[in-house]
Amino acid sequence: MPYELEKQVAIASVIQAAKLCVQIQQDRLAAAIEKPDFSPVTIADLGAQAIICQAIAAAFPQDVVVGEEDAKLLRQPQMSEQLEQITAYVRIHVSEASADRVLDWIDRGNGKVGDRFWTLDPIDGTKGFLRGDRYAIALALIENGEVKLGVMGCPTLPLDLNQPQGERGVLFVAVKGQGATQIALKTGATQPILGARTANKSNFRSTESVESRHGNLPLQRAIAQAVGMTAEPLSIDSMAKYAVVARGEAALYLRLPWAEYPDYRENIWDHAAGAIVLEEAGGRVSDMYGKPLEFATNAKMLNNRGIIASSSDIYDAVLAALQEKV
Ligand SMILES: Nc1ncnc2c1ncn2[C@@H]1O[C@H](COP(=O)(O)OS(=O)(=O)O)[C@@H](OP(=O)(O)O)[C@H]1O
Ligand SMILES: [Mg+2]
Ligand SMILES: [Mg+2]
Ligand SMILES: [Mg+2]
């Protein structure tokens with residue numbers, strides 16, 4: 001099967017990164033370090049990026065990674081304690097880890113988009129991670145402008161949202177043309193997901209960010225209502241929103257920009273893995289104007305604004321409702 005080795009390397013490294021995140025949270029070491037843009041990062045984001053970039057380098061030495069994080073902050077002398085902590089957690093999974101190697105592995109994520117590259121969000125929903133809520137470790141392979149493989153680890157997401165107290169911890173895997181699957185992190189139990197072809201009565205609701213700065217919630221709700229959704233939206237951090245639509249637990253994920261942030265552009269690593277999981281589960285994804293998402297132009301999706309991700313049958317109605325309001 002095409003992309004089999006890539007898939008195995010991605011799955012194994014995302015599982016290791018997920019374990020690292022869970023361990024750091026259990027050890028109560030998940031604390032926000034402020035980045036120059038004032039957004040938070042933690043030792044878990046950096047450790048997860050080190051593990052995954054190391055695995056890609058070992059299996060595919062020529063491959064480029066476009067990752068969210070870099071080691072600039074961590075290279076500063078006042079960060080030596082955090083660097084030691086990260087190195088110790090990474091060493092649990094990669095025996096040859098040293099402080100210098102960890103810094104270099106993290107900086108392997110400084111690549112540029114091209115004909116073939118990976119994009120990595122070591123923790124999507126860092127604010128969710130810090131709150132103890134949902135987050136995702138998201139890795140995707142992009143070739144010739146198309147997402148070919150997406151793996152998304154969601155350590156705190158229930159296997160079934162209708163059983164919120166049930167088992168948690170899921171991995172989503174999708175390969176172009178090969179479908180999407182959900183793997184239970186605890187047991188390895190695997191099942192195909194195809195829940196995004198048609199909306200139904202029980203999932204006729206939208207899902208949106210917890211952080212109100214990340215999306216124009218009033219406009220998103222107005223569009224959901226315009227297509228007939230009356231149920232309360234489901235607030236979930238991170239790209240797990242795509243997975244929830246893919247599983248058929250919600251029918252719509254809208255991410256619409258605020259007029260106050262006209263220059264905000266989405267990052268490819270915030271969407272690539274989620275988008276292929278949803279499409280392979282039968283759903284549709286585009287920007288708010290119906291344009292395909294451009295994953296290989298730049299790390300920022302310069303030519304796209306907003307996101308529509310939905311079950312296939314309601315996509316056209318959502319797009320039409322949106323064009324009426326914007
Ligand atoms: N202003 C603004 N507008 C839109 N998006 C933004 C904005 N600021 C941040 N981000 C990105 O949002 C990513 C988190 O995604 P979510 O909003 O789905 O999760 S959350 O509910 O905020 O936790 C988050 O990803 P991580 O940094 O990986 O957590 C950011 O890339
Ligand atoms: Mg971030
Ligand atoms: Mg993100
Ligand atoms: Mg992140």
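Both counts, for ligands and for their atoms, begin at 1 and track the order of listing.
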Answer key: the N, O or S atom of E68 nearest to the Mg ion (ligand 4) is OE1
When you look at Y89 and K19, which way does the side-chain contact (heavy atoms from CB on, under 4.5 Å) test go after all the steps?
-> CA-CA 10 Å; Y89 281 106; K19 286 185 179 160; over 6 Å; no
Quick one: does NZ or CZ of R116 land under 6.0 Å from the six-membered ring centre of F60, within 45 degrees of the ring axis?
-> yes
Near K35 NZ, under 6.0 Å, is it more than 12 heavy atoms from other residues, nucleotides or ligands?
-> yes
Short N/O/S contact of W269 with the Mg ion (ligand 4) (below 2.8 Å) | no
Please test T126 against D45 for side-chain hydrogen bond (donor to acceptor under 3.5 Å, both in side chains), starting from the C-alpha separation and ending with a verdict.
-> CA-CA 8 Å; T126 302; D45 301 56; 2.8 Å; yes
D124, N/O/S atom nearest the Mg ion (ligand 3) | OD1
Restricting D270 to its N/O/S atoms, the closest one to the Mg ion (ligand 3) is OD1
Just checking, is any N or O donor in the side chain of N303 or E294 under 3.5 Å from an acceptor N or O on the other one?
-> yes
Can you tell me if D121 has an N, O or S atom under 2.8 Å away from the Mg ion (ligand 4)?
-> yes
